[in-house]
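Everything on this sheet refers to the single structure shown next.
What's counted below: heavy atoms across the whole structure, side chains too, no hydrogens, waters or symmetry copies. For this chain, numbers begin at 1 and follow the sequence in order. Not measured: the values here are computed from a predicted model.
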Amino acid sequence: MKKSRKQTNIIQVITRIMIGILIVLCVALAVIIFFKMKDSDKTGSDDAGDTSDSEQTAAADPVSMLSIQDIAIGAVVDRAQIDMTRLDQYFTANEIGEDVFQFINGRSFVENEHISREQLRYLKVLHYNYSHEVQAGEIIVNANIAEDVRNIFRELFEQEYEIESMSLIENFWTGDGGSSDKNSIENNNTSAFNYRMIAGTDQLSNHALGYAIDVNPLQNPYVAYNADGSFREVYRDMERYIDRANGEAHMIGHEDVCYQIFTKYGFTWGGDWTDPIDYQHFEKNPG
């Protein structure tokens, strides 16, 4: 049965309308895709910009570096806050300031005819402790050897040499120079100036003039004997460290970097003495 001309025309009109609608939908879809892609590009660009800004901010805000003045004595310091390319700034030697003088006056320092405040220097340095953490230390020495001592402790730090404690004898004060020195030793404290006599004698110590330094004294004892063979002075754990071949950590010997650096700067070592033997002790007297 044949379709009429009228029916054919209707079908053609409907077909054209459907094609038109399809075209419109395709155009609309293309427009949507275009703007979606544009937004995506913008978002990516913004993200990249944010990342770039973040990187610039990070570059402009590095880990804050500390100065030696910022660090309290005995405080542990994050190595990331130390400028390892400019270590010299962390090893200072200065005249005795009023705060330090008030702390030591009447204790390790007393008015005397042998040494004055002006002849001493206060050093603040960094060192590694026995946990291999970086911390700040202090020491007072004679002005004549202050630069040598500053360089020695910088070189020890560069070698990551461990010193358990390093603070003024006043932090272990018990009322007089001799007993305070023993208290400092038994707390394994590295120290220098202390106006006192040599242990067990009436002879002025080189520590009294700021020319001697005791390093890690527990592992490096002062060994002196009475006529009956008993120890002239007894310190905590000293018998453990008299055998210098027992391989204990932190014992100073000729192969130890501490010995090598101190003697490089003209210091002599008490471990080479015969009576007494003072393994902790380094001294230098320019004369």
Counting the benzene-type ring for Trp, do Tyr128 and Tyr161 have ring centres under 6.0 Å apart? no
Contact summary for Tyr225 and Arg232, nearest pair of heavy atoms: O-NH2, 3.6 Å
For Tyr122 and Glu138, which I'm curious about, is there any donor-acceptor pair between the side chains at under 3.5 Å? yes
For Ser67 and Asp70, test the side chains for any donor-to-acceptor distance below 3.5 angstrom and give the result as yes or no. yes
Ring pair (Phe, Tyr, Trp, His ring centres under 6.0 Å) pairs, two or more places apart, involving residues 69-94: Phe91-Phe157
Ignoring hydrogens and angles, state whether a donor on the side chain of Gln135 or Asn129 is under 3.5 Å from an acceptor on the partner side chain. yes
Is it true that Arg117 and Glu95 have a side-chain N and a carboxylate O under 4.0 angstrom from each other? no
Using distance alone, with no hydrogens and no angle criterion, decide if Asn144 and Tyr211 have a side-chain donor and acceptor under 3.5 Å apart. yes
Within the 6.0 Å centroid threshold, strictly below: Tyr130 and His250: yes
Going by atom types only, do Gln219 and Asn188 share a side-chain donor-acceptor pair under 3.5 Å? yes
Is the distance from the ring center of Phe282 to that of Phe267 below 6.0 Å? no
Among Ile163, Leu156, Asn216, Asn220, which residue meets the side chain to side chain contact (heavy atoms under 4.5 Å, CB included) test with Cys258? Leu156
Salt-bridge criterion met for Asp176 and Arg196 (N-O under 4.0 Å): no
